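Would you mind keeping the following structure in view while I ask a few things?
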2 protein chains.
Amino acid sequence: MPRRVTIGDVAKIAGVHPGTVSRAMNAKTESQVNADTVVRVRMAAKQLGYLPNSIARGLRTSSTMTIGVIIPDLTNPIFPPIVRGIDSYLGPRGYSSVVVNTDSSDVAERSLFESLMQRQVDGFIVATGHSGHSLMREAYDSGVRAVMVNRDSGGVPYPAVVGDDAHGIWASVEHLAGLGHRALTHLEGPSSFSTSRVRAEAFVAACAEMNLEATVIGCAEYSVDEGQRAMDAILETQRTPPTAIVAGNDLLALGVYHSLRAHGLTCPDDVSVVGFNDMPFARDFQPAMTTVRSPYTELGAESARLLLKQIEESVSIAMRVMLPVELIIRDSTGPAR
Amino acid sequence: MPRRVTIGDVAKIAGVHPGTVSRAMNAKTESQVNADTVVRVRMAAKQLGYLPNSIARGLRTSSTMTIGVIIPDLTNPIFPPIVRGIDSYLGPRGYSSVVVNTDSSDVAERSLFESLMQRQVDGFIVATGHSGHSLMREAYDSGVRAVMVNRDSGGVPYPAVVGDDAHGIWASVEHLAGLGHRALTHLEGPSSFSTSRVRAEAFVAACAEMNLEATVIGCAEYSVDEGQRAMDAILETQRTPPTAIVAGNDLLALGVYHSLRAHGLTCPDDVSVVGFNDMPFARDFQPAMTTVRSPYTELGAESARLLLKQIEESVSIAMRVMLPVELIIRDSTGPAR
DNA sequence: CCAAAAGATGCAATCGATTGCAGCATTGTT
DNA sequence: AACAATGCTGCAATCGATTGCATCTTTTGG
């Protein structure tokens with residue numbers, strides 16, 4: 001394995017001092033070097049295939065141009081777009097991201113956090129939804145830079161970037177009311193997620209405002225199976241089942257589809273369903289799902305923007321950026337019977 | 001922002017030399033230090049909350065414990081499980097991964113590759129499907145360690161970990177033949193992907209073996225829209241359309257669903273469809289999709305294993321690991337009319 | 001009881017790039 | 001012509017951990 005080309009090799013070829021090479025190669029310090037020298041150095045660098053060693057640079061500058069991204073689970077379809085949104089902002093600015101999955105385990109989260117600290121990441125983007133642990137508080141107190149995405153900061157003064165979930169729920173309820181539905185049921189996600197509560201509260205408020213009968217059923221997790229189980233329970237318990245379901249997310253809505261089908265009911269003729277997230281393939285299910293689209297890519301990009309701002313300007317404002325969501329009306333909602 | 005705790009701080013508290021701290025903290029060198037000293041150092045480290053700076057370590061040892069993972073697009077549902085499989089092997093061994101997306105652009109791939117080289121990653125896992133560029137060749141020649149996953153190494157002597165696609169296609173064809181289908185059509189993915197060709201060739205071979213009429217239609221990309229377009233063309237062109245479709249992947253199969261529906265045909269009564277990948281939600285489409293399941297998580301884990309082996313034992317064997325796939329029979333295939 | 005071996009720790013160079021400061025050369029000013 | 005200002009480059013310390021070697025202490029064996 002051939003030894004790597006270093007700044008010293010370039011300096012030798014270009015006939016200058018390593019320090020000069022460093023200045024010539026760097027956009028910010030380039031102006032301190034004679035223009036002729038810059039081209040000479042650049043040519044030597046190209047000729048040797050020199051790539052600055054960012055480890056060495058990182059040691060000296062104590063900045064690694066790396067961001068840690070903490071998410072629950074990459075195979076949950078909302079996270080890939082968030083991650084890509086993050087990268088789309090970071091990449092052009094010379095930053096890389098290291099993505100880790102906690103599988104919603106506090107222990108794992110803490111150890112992954114430490115491992116990223118050890119790697120000297122310049123900051124964190126945190127998307128793990130559950131609150132109630134002290135990690136972020138401690139991080140804040142020890143001067144770590146971070147921003148929350150798709151979750152509330154839960155009292156810790158980090159910036160947070162979230163979708164306007166409440167508005168999405170309002171729009172769903174309004175849409176359903178317009179179709180003549182009078183009794184709505186909401187399938188609420190796990191209460192450990194701040195988004196679950198926001199959505200449930202908005203649901204109750206919206207129904208109250210529009211004079212609709214509101215029922216809320218809690219689900220233990222955001223999954224297809226749990227949605228199916230919840231809907232099964234509703235169908236097998238209630239004498240007059242609701243004519244419309246507002247699901248906490250698309251996975252739960254999908255579970256509702258399955259339950260309906262298993263009970264010989266059709267959507268939207270018997271029951272209208274609206275999901276939340278507009279996850280990939282939401283339009284490909286049968287019926288194509290009416291759902292609220294959150295701008296996940298933008299959420300990611302925006303969180304990256306806030307983080308870099310925090311890093312480069314050394315100020316952290318506990319701002320809360322709320323991005324608009326959009327109700328996508330497809331075929332799973334129709335007039336009430 | 002409080003200054004970070006360094007090895008020197010620990011040394012001072014423990015009353016020893018920094019070098020001793022280094023040895024005491026490291027599992028491999030711990031035996032060189034007196035047991036009492038080790039506990040004293042460890043206690044001092046814990047007390048100060050010392051985390052070794054892996055940048056500094058990396059500079060000295062020229063190993064960053066970081067792996068670069070190059071994929072086309074994280075939002076393509078087959079990649080999250082691969083990435084998680086990789087991490088599941090890497091994480092417990094102290095490695096992290098940096099995932100980058102090329103969006104199938106050669107230019108992007110090259111620049112991302114260089115940026116990862118600059119970050120001194122210890123090796124690469126490459127999943128970008130298209131061959132025909134020289135990047136991996138050059139990488140090999142300059143001693144870079146890598147393994148290919150879900151694609152062939154295309155002549156470059158890197159190890160490759162792939163699913164047994166040919167077998168999956170054989171199983172599909174066999175299944176369809178068993179249901180009485182005599183004329184099969186294969187929707188082939190873009191020919192720049194090695195997997196496309198493997199699958200198409202297996203399809204032709206299997207049909208020949210079983211005395212079935214085989215047609216192959218090329219698709220410009222692996223997408224729902226392209227699958228729909230291809231099936232539309234078939235339905236609107238051929239006098240007697242095929243009774244069964246073997247799609248190059250699930251996305252194409254989903255497009256076939258849409259086309260069928262648009263033409264008033266039902267699956268599987270009019271046309272049977274089998275997909276490839278068993279992507280998330282394949283069972284949730286209507287009808288639930290018969291498809292070939294590739295062990296993506298295992299593919300990822302196995303590629304990580306081979307890479308670490310290559311790194312730690314400094315040997316690269318151009319082996320080709322082929323993991324078994326499984327035909328998952330659901331509701332999109334039925335007896336021929 | 002002394003020499004040799006083994007054990008434990010300190011010392012200092014090293015990894016590769018960055019950067020404040022010093023020094024030299026050139027240009028400009030009066 | 002003398003001096004200041006400016007521009008350019010070299011020098012060397014620095015970031016934090018690792019590690020071969022030297023040194024010192026303790027144990028072992030004859």
Side-chain angles (χ1 to χ4, degrees), chain A residues 1-42 44-45 48-66 94 117-122, chain B residues 1-42 44-45 48-66 94 117-122:
Chain A
M1 211 167 32
R3 197 181 59 84
R4 268 232 165 51
V5 179
T6 75
I7 206 168
D9 302 328
V10 177
K12 209 164 293 168
I13 299 289
V16 294
H17 190 271
T20 304
V21 174
S22 170
R23 283 182 281 251
M25 298 294 292
N26 203 304
K28 275 137 260 166
T29 51
E30 186 189 328
S31 60
Q32 303 170 23
V33 179
N34 186 298
D36 296 351
T37 313
V38 170
V39 306
R40 197 149 36 88
V41 168
R42 289 267 170 85
L48 294 177
Y50 168 69
L51 290 178
N53 180 329
S54 41
I55 296 300
R57 167 185 294 153
L59 181 59
R60 176 62 221 240
T61 62
S62 61
S63 118
T64 52
M65 306 294 279
T66 303
M117 282 296 291
Q118 190 165 345
R119 287 196 135 72
Q120 316 292 118
V121 297
D122 295 338
Chain B
M1 209 166 34
R3 200 179 56 83
R4 267 233 166 51
V5 178
T6 74
I7 206 168
D9 302 327
V10 177
K12 208 163 295 170
I13 298 287
V16 295
H17 189 270
T20 305
V21 174
S22 170
R23 281 182 282 250
M25 297 294 293
N26 204 306
K28 275 136 257 163
T29 51
E30 186 189 326
S31 60
Q32 303 171 25
V33 178
N34 185 299
D36 297 350
T37 312
V38 170
V39 306
R40 198 148 37 86
V41 168
R42 289 268 170 85
L48 295 176
Y50 168 70
L51 290 177
N53 181 328
S54 42
I55 295 300
R57 167 186 294 152
L59 180 59
R60 175 63 220 241
T61 63
S62 60
S63 118
T64 53
M65 304 294 276
T66 303
M117 283 296 291
Q118 191 165 344
R119 288 197 132 71
Q120 317 292 119
V121 297
D122 295 338

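Quick note on labels: first sequence line is chain A, next is B, and so on, each numbered from 1. Just so it is clear, the structure is predicted and the values come from calculations on it, not from any experiment.
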Considering only heavy atoms from C-beta outward, does the side chain of Q120(B) approach that of R4(A) to under 4.5 Å? yes
Assign each of G15(B) and N26(A) the nucleotide of DNA chain C bearing its closest heavy atom; nearer the 5' end lies the nucleotide of G15(B)
Where does the chain A footprint on DNA chain D start and end, counting 5' to 3' with a 4.0 Å heavy-atom cut-off? dC8(D) to dG16(D)
Near DNA chain C, counting only heavy atoms under 4.0 Å, which residues of residues 56-66 of chain B show up? L59(B), R60(B)
Does a side-chain heavy-atom distance below 4.5 Å link I7(A) with S22(A)? yes
Considering every strand and a 4.0 Å limit on heavy-atom distances, what is the contact class for T37(B): base, sugar-phosphate, or nothing? sugar-phosphate
Check: residues 8-15 of chain B side-chain donor-acceptor pairs under 3.5 Å, at least two apart:
{"unit_1": "D9(B)", "atom_1": "OD1", "unit_2": "R3(B)", "atom_2": "NH2", "d": "3.4"}
{"unit_1": "D9(B)", "atom_1": "OD2", "unit_2": "R3(B)", "atom_2": "NH2", "d": "3.3"}
{"unit_1": "D9(B)", "atom_1": "OD2", "unit_2": "T6(B)", "atom_2": "N", "d": "2.9"}

Only residue of V39(A), V38(A), T37(A) satisfying side-chain contact (heavy atoms from CB on, under 4.5 Å) with V41(A) is T37(A)
What is the nucleic acid contact for V16(B), judged by heavy atoms within less than 4.0 Å: base, sugar-phosphate only, or nothing? sugar-phosphate
Quick one: E30(B) CD to dA8(C) P, roughly how many Å, whole number? 12 Å
Compare all side-chain heavy atoms of E30(B) with those of R23(B) and state whether any distance is below 4.5 angstrom. no
Which atom of L59(A) lies closest to which atom of A56(B), heavy atoms considered: CD1-CB, 3.7 Å
Check for a donor-acceptor pair, side chain of R119(A) on one end and backbone N or O of S54(B) on the other, with a separation under 3.5 Å. no
